[in-house]
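What follows is a short report on a single structure.
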Amino acid sequence: MPELPEVETTRRGIAPVLEGRRITRVAVRERRLRWRLPAGFEAALEGSQVRAVTRRAKYLLIGTDRGTLIVHLGMSGSLRVVSPALAPKLHDHVDLLLDSGRCLRFNDPRRFGSLHAVAGDPLAHPLLRALGPEPLSAAFDAAYLHTRTRRRRVAIKQLLMNASIVVGVGNIYASEALFRAGVRPQRAAGRLSRAEAAGIVTAVRRVLGAAIKVGGTTLRDYVNADGMPGYFRQKLYVYERAGQPCRVCRTTIRQRVQGQRSTYWCPTCQR
DNA sequence: ATGGGCACCTGGCTGC
DNA sequence: TGCAGCCAGGTGCCCA
């Protein structure tokens, strides 16, 4: 499911419910997530008090007075705030019960998501340590992207989805940003001009920002903390629009596979 | 270092 | 109706 806008939407939904609350109990119904939950998982969290809910890349960081719960939603994961009285449904794998009487419930049909309870600095965790800059931070600018693309033969779309270059850009927003930048996704990264790199940076920031504003994109599974979908799907120019007319020039939108992922583009608007 | 391919998993849809 | 095949918001790991 989720790319940066969906994770950020989830963060904004759960933060006010979690912050300041104590985790009274952790109920695990399925330990086989992307990484199996270790035996001490529940005990590491039970009794701790949540300080702040932040985000790094597509990871949610639920910081407590005793450590951090690192959450990744994978392809199909979601976190919802529910009443603990609500009976768990299929794929509701983990509950965090709060002293407020509310419950944070993790659902993930495909189990590509993950939960890690860590002590110490979560940013030092092996999964987070080598990540590239946040796309909405000042560190992600034209000079940076242009430099990082030099001598790279990979297609720009695949490079944008590489988390060691920039985080948070997944399959939807990579195609959408390149459409808005007017750059074909199959262009070799190393051949982009400085101006094109600048255009891509602007487009990435704008498309992610606009998606966050409307709660992200719901295609299939994604729901926010209140169980509601995101509305950015209506603003997609190319993603899952193969065979349909470009919303700008009416040319038929094309699709091809790059790195085992579907890519969409307009052959007229993108060069 | 870079790039490519596979693996992990369930569910929904299509077409025979 | 049943079933095989394909596809899906991610990313770690292995190999050349």
Side-chain angles (χ1 to χ4, degrees), chain A residues 1-11 29-37 55-60 70-79 89-93 106-116 125-132 135 147-177 186-191 204 207-208 210-212 214-224 228-236 238-243 255-264:
Chain A
M1 142 254 134
E3 303 184 36
L4 189 146
E6 294 75 38
V7 178
E8 177 61 20
T9 299
T10 298
R11 189 195 69 75
R29 285 174 287 272
E30 175 58 81
R31 310 192 85 82
R32 296 172 304 161
L33 304 181
R34 170 108 202 235
W35 285 281
R36 169 174 269 276
L37 297 182
R55 179 189 57 73
R56 173 73 174 108
K58 296 171 191 166
Y59 293 94
L60 285 165
I70 303 175
V71 182
H72 197 292
L73 299 174
M75 288 278 264
S76 58
S78 58
L79 282 173
K89 298 196 174 66
L90 190 64
H91 306 309
D92 281 342
H93 303 315
F106 175 74
N107 178 285
D108 186 7
R110 293 177 73 180
R111 289 189 273 123
F112 287 176
S114 64
L115 303 176
H116 291 273
H125 188 278
L127 293 173
L128 310 198
R129 203 165 39 202
L131 293 172
T147 300
R148 293 299 304 268
T149 55
R150 292 310 86 185
R151 288 178 300 288
R152 295 295 299 261
R153 304 213 260 222
V154 270
I156 180 60
K157 193 240 185 180
Q158 287 166 266
L159 183 125
L160 280 180
M161 291 175 65
N162 179 342
S164 67
I165 304 288
V166 60
V167 300
V169 184
N171 206 35
I172 297 178
Y173 299 110
S175 280
E176 291 297 316
Q186 51 271 59
R187 288 273 303 282
R191 304 220 148 175
V204 165
V207 76
L208 294 178
I212 290 170
V214 296
T217 301
T218 295
L219 298 171
R220 285 161 274 273
D221 300 298
Y222 175 72
V223 288
N224 68 15
M228 299 297 291
Y231 297 103
F232 197 70
R233 188 173 196 176
Q234 301 157 231
K235 307 244 171 105
L236 298 178
V238 291
Y239 190 80
E240 286 197 336
R241 294 198 66 246
Q255 174 195 2
R256 64 168 286 193
V257 174
Q258 283 182 291
Q260 298 140 205
R261 313 297 301 277
S262 279
T263 297
Y264 302 86

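A note on names: the letters A, B, ... follow the listed sequences, proteins ahead of strands, and every chain is numbered from 1.
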(message) For a quick check of understanding: with a heavy-atom distance under 4.0 Å over all strands, which category does Arg152(A) fall into, base, sugar-phosphate or nothing?
(response) sugar-phosphate

(request) Can you establish whether the number of heavy atoms outside Arg29(A) located under 6.0 Å from its atom CZ is more than 12? (result) yes

(message) Distance check, P atoms only: dG5(B) and dC7(C), in whole angstrom units.
(response) 15 Å

(message) Between dA1(B) and dT11(C), how far apart are the two P atoms, rounded to whole Å?
(response) 22 Å

(message) With a 4.0 Å limit, can you tell me whether His91(A) has a side-chain N or O closer than that to the phosphate oxygens OP1/OP2 of dG11(B)?
(response) yes

(request) Ignoring backbone atoms, test whether Ser262(A) places a side-chain nitrogen or oxygen under 4.0 Å from the OP1 or OP2 oxygen of dA8(C). (result) yes

(message) Nearest 0.5 angstrom please: Ser175(A) OG to Arg241(A) CZ, how far?
(response) 12.5 Å

(message) Measure CZ/Arg151(A) against C1'/dA1(B) and give the value in whole Å, please.
(response) 11 Å

(message) I need the Leu219(A) CG to Phe232(A) CZ distance, nearest 0.5 Å.
(response) 11.5 Å

(request) Using only heavy-atom distances, decide whether a donor-acceptor pair under 3.5 angstrom links the side-chain of Arg111(A) to the base of dC9(B). (result) no

(message) Taking pairing as Watson-Crick or G-U wobble with both contacts under 3.5 Å, can you name the mate of dG12(B), or confirm there isn't one?
(response) dC6(C)

(request) Starting from C1' on dA1(B), measure out to CG on Leu159(A) and report it in whole angstrom. (result) 14 Å

(request) Assign Arg34(A) to base, sugar-phosphate, or nothing according to its heavy-atom contacts below 4.0 angstrom with the strands shown. (result) base

(request) For the pair His116(A) and Leu127(A), evaluate side-chain contact (heavy atoms from CB on, under 4.5 Å) and give the outcome as yes or no after the intermediate values. (result) CA-CA 10 Å; His116(A) 291 273; Leu127(A) 293 173; 3.5 Å; yes

(request) Classify the nucleic acid contact of Leu90(A) as base, sugar-phosphate or nothing, counting any heavy atom under 4.0 Å across all strands shown. (result) sugar-phosphate

(message) Nearest whole Å is fine: how far is dA8(C) P from Gln258(A) CD?
(response) 13 Å

(message) What contact category does Phe232(A) fall into here, base, sugar-phosphate, or nothing, at under 4.0 angstrom with non-hydrogen atoms?
(response) nothing

(request) Name the closest nucleotide to the Arg153(A) side chain, picking from dA8(C), dG3(B), dG10(C). (result) dG3(B)

(request) Return the value, rounded to whole Å, for the distance between atom CG of Leu127(A) and atom P of dG10(C). (result) 16 Å

(request) Measure the OG1-CG distance between Thr9(A) and Asn224(A) for me, rounded to the nearest 0.5 Å. (result) 7.5 Å

(message) On the nucleotide dG10(C), are OP1 or OP2 found under 4.0 Å from the side-chain N or O atoms that Arg261(A) carries?
(response) yes

(request) Nearest whole angstrom, please: distance from the P of dG5(B) to the CD of Gln158(A). (result) 9 Å

(message) Do the side chains of Glu240(A) and Arg233(A) get close enough for a salt bridge, i.e. N-O under 4.0 angstrom?
(response) yes

(request) Would you state whether a donor and an acceptor, one from the side chain of Arg110(A) and one from the base of dA8(C), lie under 3.5 Å apart? (result) yes

(request) Could you check how far CD of Gln260(A) sits from P of dG4(B), rounded to whole Å? (result) 10 Å

(request) Nearest whole angstrom, please: distance from the P of dA8(C) to the CG of Leu73(A). (result) 20 Å

(request) Send over the distance from Arg36(A) CZ to dG12(C) C1', rounded to a whole Å. (result) 19 Å

(request) Give a yes/no verdict on base stacking between dC9(B) and Phe112(A): centres under 5.5 Å, planes within less than 30° of parallel. (result) no

